[in-house]
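This report concerns only the one structure given below.
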Amino acid sequence: MPDSPEQVVREVGKRLGQPRLGKDALVKLLKQAENALSELSQSSSLQDALHALSKSLVQTTLLNHKDKDVKLLVAVCFIEVMRILAPDPPFSDEILKEIFRLFISIFADLTETSSPYLTRRMKILESVAALRCSMIMLNIGCEDLILDMVKIFFTSVRQGLQQSVCQAMLSIIMQILTEKVTQPLVDLILRNLVKDDKGASHKLAFDIIHNCAEKLEPIVRSFLSSCIFNKDIPVNDLRKLHHKVILEIFQCAPQILFAVIPNLTHELLSEQVDIRLEAVHLIGRLLALSNLHFGHENKLVFIEFLRRFSDKSAEVRIAAIDAAKACYMVKSSGDEARDILTSLQGRLLDFDEKVRIRAVNTVCDLAKSNLSSFPHEVILLAAERLRDKKASVRKNVMHKLLELYRDYCEKCSKGTATVNTRYEQIPAKLIVCFHNDIESFRPQNMELIFAEELFPSSLSPKERATHWIEFFSYFKLEHIKALNIIFSQKRRLQLEMQAYLSLRAKKEEPSDEIQKKICASFRKMATSFADTSKAEECFKNLHQMKDNNIFKDLVGLIDEGTTFATGRLIRDSFLKRIGHKHPMHSFFKILSIKCSYSIFNREMICAIFESLLSCGNELTDYVESACDLLLVVALVFPSLFQGSEEYLLELFSEESVLINEKTLRILAHLAKSTHHLSINFSNVVYPLLEQKCIEGTRAESKYAITAIASLHSPDDQKFAKLCKKVVSGLNDSRNVPTLLQSLGSILEHSPSVYELYGRQIVNSIQDILMSTELISTSGQSSLDGNSTCCCSCKLKVYCLKALVKGFLPRIARARINSILGKLLEYEKGLFPDIALCENDGPYLQLAAGKCVLKLATRWDSHISPELFRNTILMARDPSYIVRKSFICKLYGLLKRRAIPVRYACAFALASTDCSGDVRAESANYLSEVLKEQRRFFVQQNRASKDSIVDNPAYAVVFLIHTLAYDGGLPSNSYEDETSFPEFCSPLCVMLRELVEIDNVNRTEHGPTISFVSVLSGIFRAIQKAEDPSDSEITPKLHILSKIGLLIVKELDKHCKMSDSPRHILLPSSYYKLSGSERKVDECQENFISDKLVNRILKAHEPYKHQDNVKCSFVSERVSNESAPEREVCSSLSKLVGQNASVCDKGKGNKSLASGKAVSRKKDQNTNSSLDKENVSSCGSAGTKVSSPGSLGLSKEADSRYCVSLLDKQNRPMNRSSTRNTRASEADRNSCWQTDISNFRLRECSFKRDHDKDSSESQKHEALLSGSSVLCELEDVGDCDDNFVKPPLSNKRADLKKRGKRALQLLNSQNSSDVTGVDTSDNVRCTRARKVRV
């Protein structure tokens, strides 16, 4: 019979007491004891049975044994004895401390999860927890052992340990904390709570705080409050992490922080940036963790947190933005979320660019996270940062918006999102943001954005078409203009690439001519890249490549029939052949994108047509947008519509309601390039087009006629039949506005119709012009709902337009003078053959002016000076609407270079308008037109030497002529100089703009390119000329030219007369050579001084107009309300009638002084007078009509055989008789006359041998129809001016060397001796000299 457990325990206890037992014997005995003890239940009666074992176990040799196995078995026996004899273990306090130390050492080995002894160690731990041994430890003063044990717990706990082990550790620590909480123990728990490794130790600390919150709250609150308020206390590692402590405790036991959270406002208001920064991070995370309930429960802290969005530190503001993102991601509804979003929205306008960038990034990220509910207003505000003043902000915003839009498109493709108008506005925001200072925003790179970055590459053509139609509905005029720039640039590159590849494919040896053409193609294609010089070099490297497959790939890319998928394959092949390691790989990648049809191709066009036709016959915004988009593409890429003929036929079917102005314009443009359409549309759509010509609107009839003209021959009988129907309709007074439009278009496209129905057409138009009754317009009571003009007046305007269109074909040359004469009468307000209503006059005058501009596109050489003056003076018409409408029409023509740049004088005349918007638009238009004309002029001069008349500065010739005919400038009176600043304002504005453009874009292209040199030559030439029709105008021309020359010199201090061009052509209808000596007017010379010019310039400082002033829609009617009127500005007009033909030299200075005295008083009101409402901007000009021609002034090649006009004006009379005789002889010998185009041609030369310049003369004859006169300009070097001033006497010359003060003293002494100046010596010989050209 086996021994009982008690007997085994006694026996083992005795044997363990024996000395010198080996390890094996000890292990064997201890295992026997372990087994026996495990069979015993808890009972105090077993104390005697366990006495021997307990006594043996506490022996030093066993309790402190070094072997791990022995120690473990000893510990197991100890815990079993304590279990059996609980609650009174048979050990002293010292022994218990050693036993607990043994237990703790065993706990350290819990990390050995693969050890066979893990079960015994876990048993000891669980028994310690169950027996509440921690209470014994506290009772016997083992706080240090308790701290060591807890440390070992946090070190030993692992993911994968049995739940019972972790629970035992938690139970032990909770027992300790329930009994006693010490700061070291709390610190230990908190350190494990804030560990970066969120492992088992963090979980243990988390559970401890969660279960012992009430016990821990006082000491934790005290610790955290100390961290917040007592910043002077030495900082340890835990105090540095007090925010993390708060964050962790907030998740496990938020009740502990009730008294701590309000104290965070102290940190939010701290003077130290890093403290505020950490506080913002903390509160942001607290808000996010609580689903924003934290803000509702802690209002004061939340309010102060919102104020940190406006913190003075940018770092703090950025931290607040990051916190807002985290909060809004968690919860996007509620008052707190709205407050946070409002604060975030305010940072979009932060003064720090980094903050603005972070705000935009946050808005875009939030929108991506919730496409459907995020407020679109905030997205649009973020998109406005595309116009930010900082380039870095604009670039970042562009990339974030593109990322957002791609994400939106991708989700729409997957079906997780639907088409949303909020996000379809993003492309419209992107495309209008062209900036020359940022490479990413230049048109060259915006093309890449729309080709590659706007849509995900996986998007199908149908889906792309849908998005294009949707966002194109938000495109306004400026967006379409920007898109046209991108399309036009892409098309130019493709055409140039085609030309280059054709040249390269030629089999013959490349000649110099072909090489020049190739280089020219490279230069043109390089303009499509941001760095043109680098691009040109890359093209040259491409040309040197030997692999013909590379060029075959390029041919495939520019093929209109290439699909998106095929295009990507060809691009990949092209770049693979180039090689990824090629130094120019990035350039060739961009080139492949620009050459391919990566934005629109035939697939896209078909997809747009399908979307359009799928809408049925409903005229929705979507349909309108699709038509607009097709029109824009058709205007640039008509070849892409090849293959869409079936859709076009369906579009123009009889049942379709989509036949409108836009679709007709598409057809008209496509019909011009019939090779792009594989189906003959002429017979299919002609009935519909004819119907639109009779019953449609004016716009529809215009494009219907254009389509008919493109689909049929101009001599086709269809035009004759259609014209007959139109005239018949006019006689019946049906839909007259449309019929007049159709009639004008027919006459423009088929001039032969006029020969058949000319009399009927004239009679019909004359009946309308003479009619005073309201003519029916198919139920329309008014031609325009906003009009105050009667329908009869409007019809008369339409009659003029129709009539003028009939004079545009070249066949109408014989009849052009008659219509120009009529238009001149109308511009003057004379309407002998028109029946007028009360308010018709201004409208008809405006219509006449616009008709002149229209005719100038073809017949400018036939427009007389008087008609020209009356036309451009419409910019000063008393009616505001007339002025505004006229300059807008003029700007459109000049922008397209449809009419000569001389008409830009009207902008200068309107630049001092009483209306602010007219003034601003005129200044802006003048600047744009001159800059564009200069660019075009420079490009033309690279290839050939153009005439000086093509220089934009040549417009000054006509401006001076127009101003000279203004009655505000007297010819001989100089008592009052106060009116000159206002009168000369158009000239000042024009010259200032020209000089500024010249200074900004100064290049080394010779004197014909520089505005300043050309202006100097023009003014000097005008001083040698006179008016051909009115001698009283000549002095005014000279005054204005002298003032202009001084203005140019004042604006450009580096102006050199020697740089002036040698030949100046002046139109002979406006100027002629002076036929006799002109007596020098000394009063004029004294009056026109630098001081006067400075007054003029000061009175007209540059107007800082807005860069984006656009031409708003202007009605072609004049309101019945009194428009702001402007009286004639020139105060010198009151002097015209004064007798000033003789200037008394003795009173010259006195008169000048009085004028200056008056000027001080009047100058105070100079600027303000321009803005008065009761001031009129009209001007006047009225002379007889003169035939146009041209007058040329040239420089002689040899001064020995010439006499300049300056010589004749400036040379003393007593020494000039011989030279005058010689000059007269030269005049008689060199003058010859001929007739060209019914105009009288004169060419006069002051050279004996004029054959050398005959070729130059013939060149100018080709440039300016009419006549030209060739004269010499004297080379005056770099003198201050080229008109006469009183000479310096010897005494004054000596004083000049001594200084200005001496000269002033002499002037005061001789002020009464002015009459003693000898005019016969009125030449500055020391400054003027002749040089051989």
Side-chain angles (χ1 to χ4, degrees), residues 697-702 726 729-730 733-748 761-778 780-808 819-857 867 870-871 874 877-890 892-893 1113-1120 1123:
T697 64
R698 285 177 56 82
E700 290 174 349
S701 67
K702 173 184 176 182
V726 169
L730 287 175
S733 301
R734 298 193 311 267
N735 201 14
V736 177
T738 298
L739 293 175
L740 288 173
Q741 175 66 49
S742 299
L743 179 60
S745 299
I746 291 172
L747 293 176
E748 182 179 2
I761 292 171
V762 172
N763 291 338
S764 299
I765 291 179
Q766 190 63 39
D767 290 342
I768 298 174
L769 292 176
M770 295 301 296
S771 174
T772 57
E773 298 179 0
L774 180 64
I775 302 176
S776 172
T777 57
S778 300
Q780 300 177 3
S781 60
S782 175
L783 298 178
D784 195 321
N786 299 324
S787 175
T788 57
C789 173
C790 66
C791 294
S792 178
C793 172
K794 196 69 173 178
L795 292 177
K796 293 177 175 62
V797 173
Y798 292 156
C799 286
L800 286 181
K801 292 182 177 180
L803 203 58
V804 165
K805 286 184 179 180
F807 289 87
L808 290 177
I819 188 64
L820 291 177
K822 283 291 183 184
L823 293 176
L824 179 59
E825 289 183 354
Y826 298 159
E827 285 186 348
K828 291 181 177 181
L830 305 176
F831 305 100
D833 52 357
I834 299 179
L836 297 180
C837 297
E838 181 180 359
N839 299 317
D840 290 358
Y843 284 98
L844 292 175
Q845 286 178 297
L846 174 62
K850 290 184 176 181
C851 288
V852 173
L853 296 179
K854 185 72 173 177
L855 290 172
T857 61
L867 182 56
N870 279 276
T871 301
M874 280 197 171
D877 193 88
S879 168
Y880 165 81
I881 292 183
V882 169
R883 299 194 306 272
K884 179 130 180 170
S885 179
F886 179 77
I887 65 170
C888 289
K889 176 71 172 181
L890 181 62
L893 293 171
F1113 175 77
V1114 180
S1115 171
E1116 295 190 14
R1117 296 165 304 278
V1118 180
S1119 175
N1120 284 332

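Hydrogens, waters and symmetry mates are skipped; everything else that's a heavy atom, side chains included, is used.
In this structure the side chain of L730 never reaches within 4.5 angstrom of the side chain of I761, judged on heavy atoms. Inter-residue side-chain proximity for T871 and F886 is flagged as met; some heavy-atom pair is nearer than 4.5 Å. L740 is not listed as a side-chain neighbour of V726, based on a closest heavy-atom distance of 4.5 Å or more. When side chains are defined from C-beta on, L855 counts as touching L823, because their heavy atoms get closer than 4.5 Å. Side-chain contact between V882 and Q845 is absent, with no heavy-atom pair separated by less than 4.5 Å. Looking only at side-chain heavy atoms (C-beta outward), T857 and L808 come within less than 4.5 Å of each other.
Remark: the backbone N or O of G729 is not paired with any side-chain donor or acceptor of R734 at under 3.5 angstrom. Although no hydrogens or angles enter the test, the distance criterion places no donor-acceptor pair under 3.5 Å between the side chain of E825 and the main chain of K822. Remark: the backbone N or O of G806 is not paired with any side-chain donor or acceptor of E748 at under 3.5 angstrom. A donor-acceptor contact shorter than 3.5 Å is absent between the side chain of R883 and the backbone of M874. With hydrogens and angles ignored, the 3.5 Å screen pairs a side-chain donor or acceptor of S701 with a backbone N or O of R698.
To the nearest 0.5 angstrom, L800 atom CG is 6.5 Å from L769 atom CG. K702 NZ to S742 OG: the interatomic distance, rounded to the nearest 0.5 Å, is 12.5 Å. From L739, atom CG reaches atom OG of S764 across 10.0 Å, with rounding to the nearest 0.5 Å. Note that the NZ atom of K801 and the NZ atom of K796 stand 15.0 Å from one another [nearest 0.5 Å]. From I768, atom CD1 reaches atom OG of S733 across 7.0 Å, with rounding to the nearest 0.5 Å. Note: I819 CD1 to L803 CG = 4.5 Å, rounded to the nearest 0.5 Å.
Side-chain atoms of K884 and S879 form no donor-acceptor pair, as typed in the model, at a separation below 3.5 Å. Between Y826 and D833, the side chains place a donor N or O and an acceptor N or O closer than 3.5 Å (distance only, hydrogens not considered).
Nearest heavy atom pair, residue G744 against residue K805, reads O-CB, 3.4 Å.
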**Asked** Stepwise, does the side chain to side chain contact (heavy atoms under 4.5 Å, CB included) test hold for E827 with L867?
**Response** CA-CA 8 Å; E827 285 186 348; L867 182 56; 3.4 Å; yes
